[in-house]
Amino acid sequence: MEKSSKISGFYKKTPEERLQIVSNFCDLNEIERETLRNTGSMNIDLADKLIENVISTMEIPLGIATNFVINGKDYLIPMAVEEPSVIAACSNAARIARESGGFVSESTRPVMIGQIQIVDIPSREKAIESLMLKKEEILKDSNTRSQTLSKMSAGAIDLEIRTFREIDDMIVIHIFVDVRDAMGANVVNTMCEHVAPVVERITGGRAILRILSNLSVRRISRSRAVFRKELVGGSQVVRNIVKASDLANIDPYRAATHNKGIMNGIDAVILATMNDWRSVEANAHTYGHVTGNLSLTKFEEDRNGDLVGSIEIPLAVGTVGGTTGTVEKAKINRKILGVQNSSDMANLLAAVGLAQNFAALRALCDEGIQKGHMSLHARNIALEAGARPEEVDAVVEAMLKEGSISRKTAEKIVWDMHGK
Ligand code: MEV
């Protein structure tokens with residue numbers, strides 16, 4: 001019989017029942033089923049409450065980046081990531097930066113933007129005029145949706161109206177909301193949906209989208225650090241890094257890779273604290289469209305010949321709300337980080353992004369990354385070839401001795417080791 005992925009009521013079943021269905025669909029064996037049943041420290045019932053159609057959980061290694069000094073304070077930074085060399089590189093960059101005082105970070109007020117798209121407007125000019133007259137009323141109405149923010153003198157603080165050359169019977173209203181320590185998506189979406197009918201009445205148009213913008217141009221973090229030339233690898237490496245950074249700012253093909261390197265670090269902390277990394281990614285990668293700078297960082301040589309790195313990045317991260325407070329390990333990671341609020345968290349993330357980017361550029365602008373990368377990658381190859389965790393180092397060493405880091409070589413070494 002043809003297998004079908006159309007499964008009636010799949011969402012209503014228990015995780016075990018779903019596992020049986022999946023198992024029949026693709027012939028999982030008992031060992032594979034048992035592996036999926038093992039959900040580590042996250043109870044399957046909790047997982048089943050967090051998302052839909054759950055059958056298991058997915059583990060990812062958690063490591064600690066060391067050496068960080070940010071705004072004069074020492075931090076140990078939990079990072080969840082599957083890519084070798086990210087945490088080693090990040091710690092190494094922080095070690096170099098701490099020799100000159102570490103990272104100096106700052107963040108703006110945590111203001112998010114909610115968008116309301118109004119179409120079929122009879123008169124754009126009249127709509128704008130009426131909206132401006134009723135601005136305070138709209139803000140006041142939005143603020144009825146969050147007592148907590150209102151009490152903190154936060155919440156909806158301003159609005160702007162955007163028009164588009166291409167479509168003249170449409171406007172987009174931006175509501176600016178100070179969300180304090182939350183990421184803010186929930187409260188902003190609630191406010192947008194709540195005031196949309198009011199806005200429809202004022203403009204005579206029809207509201208379609210009523211949703212947060214993931215581009216948080218009013219929630220920006222900056223970090224800066226000095227990397228001494230003798231610790232970077234000398235003046236030539238410093239100048240190479242400056243030139244590499246200049247290229248990233250004007251060439252989208254390089255900017256994509258350069259910024260990916262920054263996000264290697266930031267995403268790993270975001271994941272360790274169970275924040276929304278898709279939103280952090282979307283935010284970062286769209287920012288260049290607003291500033292005209294394709295790269296999120298800049299590197300310059302100072303009067304002493306040392307390297308000065310800086311980053312400016314929109315960061316919408318919460319320390320309250322979402323999944324950050326429901327998953328035990330995320331809570332423990334927050335405790336390790338020791339950040340008190342979303343602004344501290346954003347300051348830390350900006351420093352991590354800058355450190356990660358510096359580490360990648362330093363390797364690329366000196367000996368290249370493949371040498372370091374390949375010896376770390378070799379560990380993965382050894383595992384794939386069947387080495388037990390306690391045998392990995394020996395297999396890697398043997399591969400390096402043979403001058404061949406490949407699956408075939410690893411399999412042969414493992415084969416000999418296991419006496420087969
Ligand atoms: C690899 O994950 C990240 C790098 O490609 C970043 C970069 O090229 O700057 C090394």
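Ligands are counted one by one from 1 in listed order, and the atoms in each one are counted from 1 as well.
- A side-chain contact (heavy atoms from CB on, under 4.5 Å) with Tyr75 holds for exactly one of Leu348, Thr66, Val69, Ile336; it is Leu348.
- For atom 7 (C) of ligand 1, the protein comes within 4.0 Å by at least one heavy atom.
- Interface of Ala360 with ligand 1, defined as ligand atoms under 4.0 Å from a residue heavy atom, comprises 6 (C), 9 (O), 10 (C).
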Practice prompt. With side-chain hydrogen bond (donor to acceptor under 3.5 Å, both in side chains) as the test, would you mind laying out the steps for Thr190 and Arg145 before giving the verdict?
Written response: CA-CA 7 Å; Thr190 306; Arg145 295 306 95 192; over 6 Å; no

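- For atom 3 (C) of ligand 1, the nearest non-hydrogen atom of the protein is Asn264 ND2, 3.6 Å.
- Counting the atoms of ligand 1 from 1 in the order shown, those under 4.0 Å from a heavy atom of Glu83 are 1 (C), 2 (O).
- Looking only at heavy atoms of the protein, atom 5 (O) of ligand 1 is closest to Thr257 CG2, 3.5 Å.
- Taking the six-membered ring for Trp and thresholds of 30 and 60 degrees, Phe358 and Phe299 have ring planes inclined between 30 and 60 degrees apart.
- Against a heavy-atom cut-off of under 4.0 Å, Gly261 is close to the following atoms of ligand 1: 6 (C).
- Near Lys260, the atoms of ligand 1 lying under 4.0 angstrom from a non-hydrogen atom of the residue are 1 (C), 2 (O).
- Partners of Lys260 by side chain to side chain contact (heavy atoms under 4.5 Å, CB included), not counting sequence neighbours, listed by chain and number: Glu83, Asn264.
- Contact annotation for Leu364 and ligand 1: only side-chain heavy atoms (C-beta onward) come within less than 4.0 Å of the ligand.
- For Asn24 and Gln20, the side-chain atoms include no donor-acceptor pair closer than 3.5 Å.
- Look at Arg254 and you'll find a heavy atom under 4.0 Å from some atom of ligand 1.
- Between Val104 and Asn71, the shortest heavy-atom contact is CA-OD1, 3.3 Å.
- Under the 3.5 Å distance criterion, with hydrogens and angles disregarded, no donor-acceptor pair is assigned to the side chains of Asn333 and Thr273.
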